Amino acid sequence: MEAALEDPKTFGSEEAEVLSRLLHWRRDVRHFRRDPVPEEVLRRLRAAVDSAPSVGNARPWRIFRVEDAGLRSAVRVEFARCNGAAASLYSGDQAQTYAKLKLAGLEAAPVQFAVFTVTDPDAGHGLGRQTMPETLRQSTAMAIHTLWLAARAENLGLGMVSIVEPGRMEELFDVPEGWEFAAYLCLGWPAFSDDTPLLHRNGWQQNLATDWEIR
């Protein structure tokens with residue numbers, strides 16, 4: 001800890017513990033209060049995303065803060081359509097469990113984002129993605145994870161809505177050619193805090209340890 005105080009570029013056990021707590025309590029939140037999120041907090045989250053890593057420093061993510069009521073309604077309609085189709089894939093006890101899951105916070109989350117990836121950006125000049133172009137999508141995923149952790153540090157919750165059809169989302173937001181839908185995110189104050197993933201708690205899928213091998 002003394003080393004950390006002497007050198008601001010060095011971190012000590014306290015910072016490591018805080019990061020561990022953030023990772024442990026970072027949950028995919030589905031239940032939100034409707035209270036607004038102050039603009040000052042949103043500015044800090046935007047600054048945090050600016051610090052996210054990206055291949056070739058291409059920064060391929062594009063984020064829309066969705067305030068338009070018509071767009072929000074259209075996203076809810078698209079979710080309902082896709083959720084109904086997904087529900088039909090299950091039967092028996094699994095179908096009953098699926099029906100009980102709350103799979104989106106679209107009704108209550110005060111802040112919502114649509115995230116896209118530019119699949120051939122000029123920025124970065126192609127560095128690092130010639131052999132692995134998927135690193136652009138990975139970069140967007142890291143930006144989302146950076147937002148997720150930063151939101152948790154502000155005592156906010158974030159949830160990802162994946163039960164939508166990417167092409168339809170690209171149409172809804174009228175994005176340029178070459179922009180690929182990445183995620184729809186709901187942000188707000190959690191209705192309750194829980195350190196156990198919702199799907200684990202509801203018996204859908206237990207947490208599994210990471211395969212970490214030596215070869």
Side-chain angles (χ1 to χ4, degrees), residues 1 3-4 9-32 45 48-49 51-55 60-61 63 79 82-83 85-106 109 113 115 117 128-129 131-164 166 180-215:
M1 186 62 187
K9 299 186 296 297
T10 301
F11 302 103
S13 58
E14 291 185 9
E15 289 89 352
E17 173 60 25
V18 169
L19 178 58
S20 178
R21 288 174 55 205
L22 287 172
L23 292 169
H24 184 75
W25 282 91
R26 183 222 52 82
R27 298 272 63 89
D28 191 22
V29 175
R30 302 294 172 178
H31 303 79
F32 295 93
L45 295 182
V49 174
S51 300
S54 67
V55 61
W61 53 85
I63 302 176
F79 170 81
C82 293
N83 192 46
S88 69
L89 300 175
Y90 304 106
S91 60
D93 291 343
Q94 199 172 40
Q96 294 180 20
T97 302
Y98 185 91
K100 295 176 183 177
L101 296 174
K102 182 176 174 60
L103 296 171
L106 296 170
F113 300 109
V115 185
T117 300
R129 63 179 192 263
T131 53
M132 293 182 63
E134 64 269 23
T135 52
L136 290 167
R137 299 176 183 88
Q138 293 166 358
S139 296
T140 298
M142 287 189 285
I144 292 171
H145 191 245
T146 299
L147 173 62
W148 222 317
L149 292 180
R152 192 65 192 90
E154 298 279 358
N155 295 307
L156 289 162
L158 187 144
M160 181 183 292
V161 180
S162 60
I163 306 177
V164 289
E180 182 178 280
F181 176 72
Y184 196 85
L185 306 175
C186 295
L187 177 78
W189 308 106
F192 60 88
S193 293
D194 195 342
D195 67 344
T196 303
L198 183 66
L199 298 183
H200 181 133
R201 182 172 295 282
N202 286 314
W204 183 263
Q205 173 64 59
Q206 300 299 300
N207 275 14
L208 301 174
T210 300
D211 287 336
W212 195 300
E213 301 180 2
I214 298 176
R215 293 193 178 187

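Since the model is a prediction, treat every value here as computed from it, not as a measurement. Here, residue 1 is the first one in the sequence, and each next residue gets the next number.
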Atom [atom1] in [X], atom [atom2] in [Y]: separation rounded to 0.5 Å?
{"X": "Glu15", "Y": "Thr10", "atom1": "CD", "atom2": "OG1", "value": "9.5 Å"}
{"X": "Leu156", "Y": "Trp189", "atom1": "CG", "atom2": "CH2", "value": "4.0 Å"}
{"X": "Leu185", "Y": "Ser162", "atom1": "CG", "atom2": "OG", "value": "10.5 Å"}
{"X": "Leu106", "Y": "Asn83", "atom1": "CG", "atom2": "CG", "value": "10.0 Å"}
{"X": "Ser139", "Y": "Glu134", "atom1": "OG", "atom2": "CD", "value": "10.5 Å"}

Report the residues that fulfil side chain to side chain contact (heavy atoms under 4.5 Å, CB included) with Leu19, sequence neighbours left out, ordered by chain and then residue number.
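If we apply the side chain to side chain contact (heavy atoms under 4.5 Å, CB included) test to Leu19, skipping adjacent residues, the hits are Leu23.
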Going by the rule side chain to side chain contact (heavy atoms under 4.5 Å, CB included), which residues pair with Arg129 if we only count those two or more places apart in sequence or in a different chain?
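Expected list: Val55, Ala58, Asp120, Pro121, Thr135, Leu136.
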Can you check side chain to side chain contact (heavy atoms under 4.5 Å, CB included) on Trp61 and Ser54, steps first, answer last?
CA-CA 9 Å; Trp61 53 85; Ser54 67; 3.5 Å; yes
Might you point out which heavy atoms bring [X] and [Y] nearest each other, and give the distance in Å?
{"X": "Thr146", "Y": "Pro53", "answer": "OG1-CD, 4.3 Å"}
{"X": "Thr140", "Y": "Pro60", "answer": "OG1-CG, 4.0 Å"}
{"X": "Pro190", "Y": "Asn155", "answer": "CD-O, 3.6 Å"}
{"X": "Phe32", "Y": "Ala109", "answer": "CD1-CB, 3.8 Å"}

Considering only heavy atoms from C-beta outward, does the side chain of [X] approach that of [Y] to under 4.5 Å?
{"X": "Leu45", "Y": "Leu187", "result": "yes"}
{"X": "Val164", "Y": "Phe181", "result": "yes"}
{"X": "Cys186", "Y": "Val29", "result": "no"}

Donor-acceptor contact below 3.5 Å, side chain [X] vs main chain [Y]:
{"X": "Arg30", "Y": "Met160", "result": "yes"}
{"X": "Arg137", "Y": "Thr117", "result": "no"}
{"X": "Gln94", "Y": "Ser91", "result": "no"}
{"X": "Trp148", "Y": "Leu158", "result": "yes"}

Test Arg26 against Leu22 for side chain to side chain contact (heavy atoms under 4.5 Å, CB included), laying out the working first.
CA-CA 6 Å; Arg26 183 222 52 82; Leu22 287 172; over 6 Å; no
